[in-house]
Trainee: 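Have a look at the structure that comes next, please.
No experiment lies behind these values; they were computed from the predicted model shown. Numbering starts at 1 and runs along the sequence shown.
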Amino acid sequence: MDSYPEEYTRRLDMRRIPRHVAVIMDGNGRWARSRMRERTEGHAEGVNSVNRITRLASDLGIKYLTLYAFSTENWLRPAGEVETLMHLIGWTIRKETPELKANNVHIRLLGEIDRLPPEVAGCLAHGVEETRGCDGLNLCLCLSYSSRWEITEAARKLAALAAEGQLKPEDISEETMSSHLATRGIPDPDLLIRTGGEQRISNFLLWQIAYSELYFTHVLWPDFDHEEFVKALEDYQHRERRFGKTSDQVRDDSPEPADN
Ligand code: FPP
């Protein structure tokens with residue numbers, strides 16, 4: 001293992017590492033344009049950030065890292081950019097799968113994967129299959145994903161079950177809804193990071209982030225390094241998560257530190 005985790009484990013409270021971190025990776029295009037380069041070069045540089053943040057998340061013991069890699073709305077971008085991005089994602093996963101597997105990382109896919117070019121979907125399916133037995137970090141890649149798509153799909157499935165008489169409308173609960181989303185079985189994010197300076201959610205995990213802590217930074221995704229990630233985690237660790245309760249209640253609920 002590199003020496004970096006030691007410094008970071010000193011700075012962070014390792015008992016309060018978020019279980020699930022979700023990231024809106026924004027700013028690739030601006031990173032490239034400010035260097036007079038093609039937008040797609042910004043995406044290629046963004047892959048380096050994906051690799052280093054995945055590695056650090058895994059080393060810190062984060063259990064779920066969910067990356068917004070391609071939204072439903074991103075299909076509307078110029079065809080050349082879409083094609084390059086798709087192949088970059090497929091090719092990166094193909095190349096990184098052995099190392100991800102060696103680090104016990106389980107690749108998972110969320111979104112309309114059958115809309116992806118078949119060769120890209122093939123690279124991703126190979127990564128998922130290869131890492132199926134891994135039980136360290138879950139790397140959840142959102143591809144052709146949007147929250148409204150996901151919620152609409154869930155509504156459609158529940159309506160079909162109700163129409164078939166397999167589900168009573170009054171039996172639909174928050175748990176039923178959650179279990180029909182693309183994220184079924186995945187705990188809600190504790191921390192949502194957005195890079196690139198915008199302060200919006202852009203159709204990402206709308207149901208799941210009801211009580212997530214939000215962290216916005218001006219740092220562009222290709223510049224988002226270990227230090228920036230640890231700064232986000234430190235910021236998260238200074239938040240008081242109340243889930244609608246009062247401060248006093250939260251303090252009373254938290255377990256006493258052990259004597260030894
Ligand atoms: C948003 O920046 C970024 C994207 C739409 C793509 C993000 C994808 C990657 C970083 C590659 C992911 C790779 C893997 C293997 C998961 P933007 O283009 O909107 O930037 P801008 O706001 O500066 O124009």
Trainee: Would you check if the side chain of Asp235 reaches a backbone N or O of Lys231 as a donor-acceptor pair within less than 3.5 Å?
Mentor: no
Trainee: Mark yes or no for whether Arg11, through its side chain, and Glu234, through its backbone, hold a donor-acceptor pair below 3.5 Å.
Mentor: no
Trainee: Around atom CZ of Arg19, are there more than 12 heavy atoms of other residues, nucleotides or ligands at under 6.0 Å?
Mentor: no
Trainee: Tell me whether Lys157 at atom NZ has more than 12 heavy atoms from other residues, nucleotides or ligands lying less than 6.0 Å away.
Mentor: yes
Trainee: Does Gln166, at its CD atom, have more than 12 non-hydrogen atoms belonging to other residues, nucleotides or ligands within less than 6.0 Å?
Mentor: yes
Trainee: Determine whether Phe216 and Val23 fall in the same hydrophobic cluster, where Ile, Leu, Val, Met, Phe, Trp and Tyr are linked whenever their side-chain heavy atoms lie under 4.5 Å apart.
Mentor: no
Trainee: Please tell me if the side chains of His106 and Asp135 come closer than 4.5 Å, counting only heavy atoms from C-beta onward.
Mentor: no
Trainee: Among Asn138, Leu65, Leu192, Ile186, find the residue that satisfies the side-chain contact (heavy atoms from CB on, under 4.5 Å) test when tested with His20.
Mentor: Ile186
Trainee: By salt bridge (charged side-chain N to carboxylate O under 4.0 Å, His left out), which residues pair with Glu45, not counting sequence neighbours?
Mentor: none
Trainee: Using only heavy-atom distances, determine whether the side chains of Glu130 and Thr97 contain a donor-acceptor pair under 3.5 Å.
Mentor: no
Trainee: Has the side chain of Arg194 got a donor or acceptor atom that lies under 3.5 Å from a matching backbone atom of Arg200?
Mentor: yes
Trainee: Who pairs with Glu41 by salt bridge (charged side-chain N to carboxylate O under 4.0 Å, His left out), at least two apart in sequence or on another chain?
Mentor: Arg37
Trainee: Closer than 3.5 angstrom, by distance alone: can the side chain of Ser212 be matched with the main-chain N or O of Asp190 as a donor-acceptor pair?
Mentor: no
Trainee: Say whether, by atom type as modelled, one donor and one acceptor occur between the side chain of Trp221 and the main chain of Thr195 under 3.5 angstrom.
Mentor: no
Trainee: When you group the ILVMFWY residues by side-chain heavy-atom contacts below 4.5 Å and let the links chain together, are Leu137 and Ile93 in the same group?
Mentor: yes
Trainee: So, Glu129 and Arg132, do they make that salt bridge, N to O below 4.0 Å?
Mentor: yes
Trainee: In this structure, would Met177 and Leu167 fall into the same cluster of hydrophobic residues linked by side-chain contacts under 4.5 Å?
Mentor: yes
Trainee: Would you find more than 12 non-hydrogen atoms of other residues, nucleotides or ligands less than 6.0 Å from Arg148 atom CZ?
Mentor: no
Trainee: Is it the case that over 12 heavy atoms from other parts of the model lie below 6.0 angstrom from the CH2 atom of Trp75?
Mentor: yes
Trainee: With no hydrogens and no angle check, just 3.5 Å: does a side-chain donor-acceptor pair link Ser178 and Trp207?
Mentor: yes
Trainee: Is it the case that the side chain of His87 and the backbone of Glu83 share a donor-acceptor pair, with hydrogens and angles ignored and the cut-off at 3.5 Å?
Mentor: yes
Trainee: Can you tell me if Arg241 uses its side chain to pair, donor with acceptor, with the backbone of Tyr211 under 3.5 Å?
Mentor: yes
